[in-house]
Amino acid sequence: MTTTTQGAARATGAVGTAHTRVEGRDKVTGAARYAGEIPYDELAHGWLVLSTVARGRVRTVESDPVLAMPGVLAVLHHANAPRVTTDYIGIVGRPDPALGIFQDDRVPYVGWPVALVVAETSEQAREAAEALVVRYDEEPHDVEFFAGHPGLYTPQDSPLVQAEAVKGDVEAELAASDVVVDAEYATPEAYHCPLEPHAATARWDSGRLDVVDSNQSTVWVAGELAQLFSLDPASVRVRSEHVGGGFGSKGVRPHQVAAVMAATVLHRPVRVVLTRRQMFSLVGYRSPTAQRIRLGADPDGRLRAFDHQAQSLTSTVHEFVESSAVLGRVLYDADAHRTTHRLVRLDVPTPTWMRAPGEAPGSFALESALDELAEKCGLDPIALRARNEPGAGPVSGLPFSSRNVLACFEEGARRFGWADRDPRPGVRREGRWLLGTGTAAATYPSGVGPSTAAVTAEADGTFTVRINAADIGTGARTALTLIAAEALAAEPGRVRVHIGDSDLGPAMFAGGSMGTRSWAWAVTAAAGELRERLALGGGIPPEGITARSDTTEAVGGLAKKERHSFGAQFAEVAVDTTTGEVRVRRMLGIFAAGRIVNPLTARSQFLGGMVWGLSMALHEEAVRDHSSGGLVGADFAGYHFAANADVPLLEADWVEDPDPDDPVGIKGIGEIGVVGGAAAIANAVWHATGVRHRQLPIRPDRVLLAAEGSRSA
Ligand code: MOS
């Protein structure tokens, strides 16, 4: 199926050519409309009211005064809202019970939806929502996450995360090691903060539920809404044309459920848009982590023992594991190898996937620990990694589909000027600044999911591609245009791609760096089939000729292998130990992440990830107030992330690394850019100052405190 298309396709060279976004002009001129902007007749507006207590029960919702306010149409809450079921298994498992809004009076955290006020205008709804009095019976809560919490337990294995993986006797190998690193690391609670807030409009249209939304998969949202409201899946349509960022937060969330409930009750279209503040409790986040890493090595740096213990939190209503320890199962071999996850249930919202879930915080700890081991062994950090390069999966024993991490280090070291580096810490001064450089490895799984596609040869000589992809800002629509053009041996300008509509049929969601790869496979297969039919001749009828594909069997039949992308991150920092200021001066990321479809948008993906790494290293930290149970400063004033002035010259590039088993050679690039970035910066801060920072973010007060400590020591 795929060999013919591949051979024919490579000739036109659309894939690998820089191409601006096909919808770019629409976006910059405002012609592209986002979910919250599309006009409807008779549109009503819903505004969510969120709990202000961290644990307890809703005693009363005092609706009457609010119903008398101008324009108010309804107040939905646990006593009057339509019933839904959360007792089902969706495509990512059991749903977060938070989707079962207004089903009972239980409040499991601050920011849980307790009511929806619907009014003629958004302003009226907001005014009334803010006036709504809700009374609670409060219960004591616990929101405090810390290493070694007495409530820690081992989570169930899931298809997504294996809680523990053990090979050999770690304690024995540690005892026999000449060099040991034993260190604890901590990362804070962090938020996706996509620029476009979540927004959904629901209406009933001739017996069909029609939802316009901003999400990472319309087929996912449609499927879950069908289950929640016990509807025939064919009677639910979800569209999501343009998405202003998702990063793992734009799945099924309470606002879509609220919009459907209100549209059902009021028999008119209802829109629910989340405010920035509401997004800090309704759409997930990255759990804080506490990680302990123990490495035991021979004097030459060869690892005998590898132990990564990761702790994170979940809510009292749902289980989510931040899989921080999984990347060691890929990166480094050792005689004995152990990676474990523990969870504690707290009275907080359920965390979720956030760009490089697991690998992002896990790589901070692991790649910092590797740097500490290199220091102890007197080895160059890159040489240490080369010494522990596995020939096969360190725990699985499976072969790697391809593994080019050392090629990334080699190319990165050359371009960054690593060879001239003086390994001694704290010896480079430039005025008030201490200078240092650091490096870290990156890895992220390369997965693929089944998808369907249809490609039509139109009578006018153009082509139409239909695939239920989601372009969440990655440039997927453009990438698929190039993929189709190449597979059809056509100019990209003759190819039109329709995405973001559940009526287009099942397809992989935009997540896990699997979107473009999964969709490209289906598009390539359908286009190949179409070319074969066109080659038979006979002309094109007015309705065109359409070929379809379904990759379920092809992706299901892939041989079991370790399939991952890799990379090497480099950073240079300047640290002022009298003010505590850390500035990143430059970063370079070199990636081995499969064939690159569109260098222009791919570079943006890598750079965007690297900015996250910088932001994670120096800025991002949500602070929970233990007495109220809520967040302090849950907005863009209180939650700091890297802004333009924080981001210096960043460079991202790649080495040749086509996936040998993918028809296009793709591996997936959405997440790996963030992996290892924070560690490279933390390692550079050590190299600048001689002080290890094992807790993120590396805030000025922490730099000052550490400098104080090293002076008095
Ligand atoms: Mo990504 S965190 O799988 O959207």
Side-chain angles (χ1 to χ4, degrees), residues 23 32 34-36 90-93 95-96 98-99 160 191-201 211-226 236-257 259 273-274 279 282-286 320 350-357 360 444-445 447-452 467-480 497-520 522 601 605 608-609 612 668-671 673-674:
E23 78 287 8
Y34 289 81
I91 62 165
V92 291
D96 185 337
L99 296 178
L160 301 168
Y191 284 79
H192 309 78
C193 301
L195 275 186
E196 182 208 16
H198 297 55
T201 306
V211 178
V212 170
D213 187 33
S214 173
N215 63 49
Q216 296 178 223
S217 165
T218 61
V219 96
W220 178 15
V221 173
E224 305 262 337
L225 289 176
V236 182
R237 182 183 193 185
V238 176
R239 285 172 286 171
S240 174
E241 193 182 1
H242 299 292
V243 182
F247 312 119
S249 76
K250 281 188 177 157
V252 202
R253 293 291 170 188
H255 66 294
Q256 295 131 335
V257 182
V273 179
L274 299 187
M279 288 166 67
L282 291 177
V283 302
Y285 61 100
R286 194 188 310 281
F320 178 83
T350 312
T352 193
W353 303 281
M354 185 168 122
R355 203 171 192 176
Y444 195 77
V448 61
S451 295
T452 61
I467 178 145
N468 193 8
D471 190 333
I472 60 174
T474 57
R477 188 187 266 108
T478 311
L480 293 172
V497 176
H498 294 296
I499 65 169
D501 182 343
S502 60
D503 276 2
L504 292 170
M508 186 60 193
F509 49 86
S513 299
M514 291 183 273
T516 295
R517 179 179 178 199
S518 304
W519 306 318
T601 49
Q605 283 291 289
W612 278 56
I669 61 170
E671 297 171 86
V674 61

Trainee: First locate atom OG1 of Thr201, then atom NE2 of His255, and finally report the distance between them rounded to the nearest 0.5 Å.
Mentor: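 That separation rounds to 9.5 Å.
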Trainee: Shortest non-hydrogen contact from His242 to Glu23?
Mentor: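 The pair with the smallest heavy-atom distance is CE1-CG, 3.8 Å.
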Trainee: State whether the side chain of Thr218 and the backbone N or O of Gly500 hold a donor-acceptor pair below 3.5 Å, judged by distance alone.
Mentor: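 Here the side-chain-to-backbone pair does not exist.
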Trainee: Looking at every heavy atom in both Thr474 and Thr601, which two are closest together, and how far apart are they?
Mentor: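 Minimum heavy-atom separation between Thr474 and Thr601: O-CB, 3.8 Å.
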Trainee: For a quick test of reading the model, state the closest non-hydrogen atom pair linking Gly246 to Pro194 and the distance between them.
Mentor: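 Taking every non-hydrogen atom into account, N-CB, 4.1 Å.
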Trainee: Has Glu671 got a side-chain atom pairing as donor or acceptor with Ser513's backbone, closer than 3.5 angstrom?
Mentor: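 It does hold such a pair.
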Trainee: Below 30° counts as parallel, above 60° as perpendicular, anything between as tilted: where do the rings of Trp220 and Phe509 land?
Mentor: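 Rings of Trp220 and Phe509: tilted, 30 to 60°.
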Trainee: Tell me if a side-chain donor or acceptor on His198 pairs with a main-chain N or O of Ser249 at a distance below 3.5 Å.
Mentor: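 Yes.
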Trainee: Find the distance between CG (Asp471) and CD1 (Ile499) and round it off to the nearest 0.5 Å.
Mentor: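 Answer for the CG-CD1 pair, Asp471 versus Ile499, is 5.0 Å.
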Trainee: Please name the pair of heavy atoms, one in Thr352 and one in His192, separated by the smallest distance, quoted to 0.1 Å.
Mentor: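 Closest heavy-atom pair between Thr352 and His192: CG2-CE1, 3.6 Å.
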Trainee: Say you draw a straight line from CE of Met514 to CE of Met508; how long is it, rounded to the nearest 0.5 Å?
Mentor: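 Answer rounded to 0.5 Å: 3.5 Å.
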Trainee: Rounded to the nearest 0.5 Å, what's the gap from CG on Leu99 to CD on Glu224? Could you check?
Mentor: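 Those atoms lie 7.0 Å apart.
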Trainee: Is the closest side-chain heavy-atom distance between Trp353 and Leu160 below 4.5 Å?
Mentor: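 Trp353 vs Leu160: side chains touch.
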Trainee: Are any non-hydrogen side-chain atoms of Val212 and Glu241 less than 4.5 angstrom apart?
Mentor: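 Heavy-atom side-chain distance check fails, nothing below 4.5 Å.
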Trainee: Would you say the side chain of Asp501 lies within less than 4.5 Å of the side chain of Arg237, judging by non-hydrogen atoms?
Mentor: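 Result yes, sub-4.5 Å side-chain heavy-atom pair found.
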Trainee: State whether the side chain of Arg286 and the backbone N or O of Met354 hold a donor-acceptor pair below 3.5 Å, judged by distance alone.
Mentor: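 Indeed, once roles are kept as given, a pair shorter than 3.5 Å links the two residues.
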Trainee: Indicate whether any N or O donor in one side chain lies under 3.5 Å from an N or O acceptor in the other, for Tyr34 and Glu196.
Mentor: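 Looking only at side-chain atoms, Glu196 and Tyr34 do not form any donor-acceptor pair under 3.5 Å.
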Trainee: Which heavy-atom pair separates Ser240 from Asn215 by the least distance, and what is that distance?
Mentor: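 In this case the closest contact between Ser240 and Asn215 is OG-N, 3.0 Å.
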Trainee: What are the two closest heavy atoms between Gly670 and Arg355, and how far apart are they?
Mentor: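 So the minimum-distance heavy-atom pair works out to O-NE, 2.9 Å.
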Trainee: For residues Cys193 and Tyr285, determine if any side-chain heavy atom of one lies less than 4.5 Å from a side-chain heavy atom of the other.
Mentor: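 Cys193 vs Tyr285: side chains apart.
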Trainee: Okay, side chain of Arg253, backbone of Val283: is any donor-acceptor separation there less than 3.5 Å?
Mentor: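 Here the side-chain-to-backbone pair exists.
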Trainee: Working to the nearest 0.5 angstrom, can you tell me the gap between Thr516 OG1 and Ile669 CD1?
Mentor: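 The CD1 atom of Ile669 is 7.5 Å from OG1 of Thr516, to the nearest 0.5 Å.
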Trainee: Without swapping roles, check the side chain of Lys250 against the backbone of Gly245 for a donor-acceptor pair under 3.5 Å.
Mentor: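 Looks like yes, one N/O pair under 3.5 Å.
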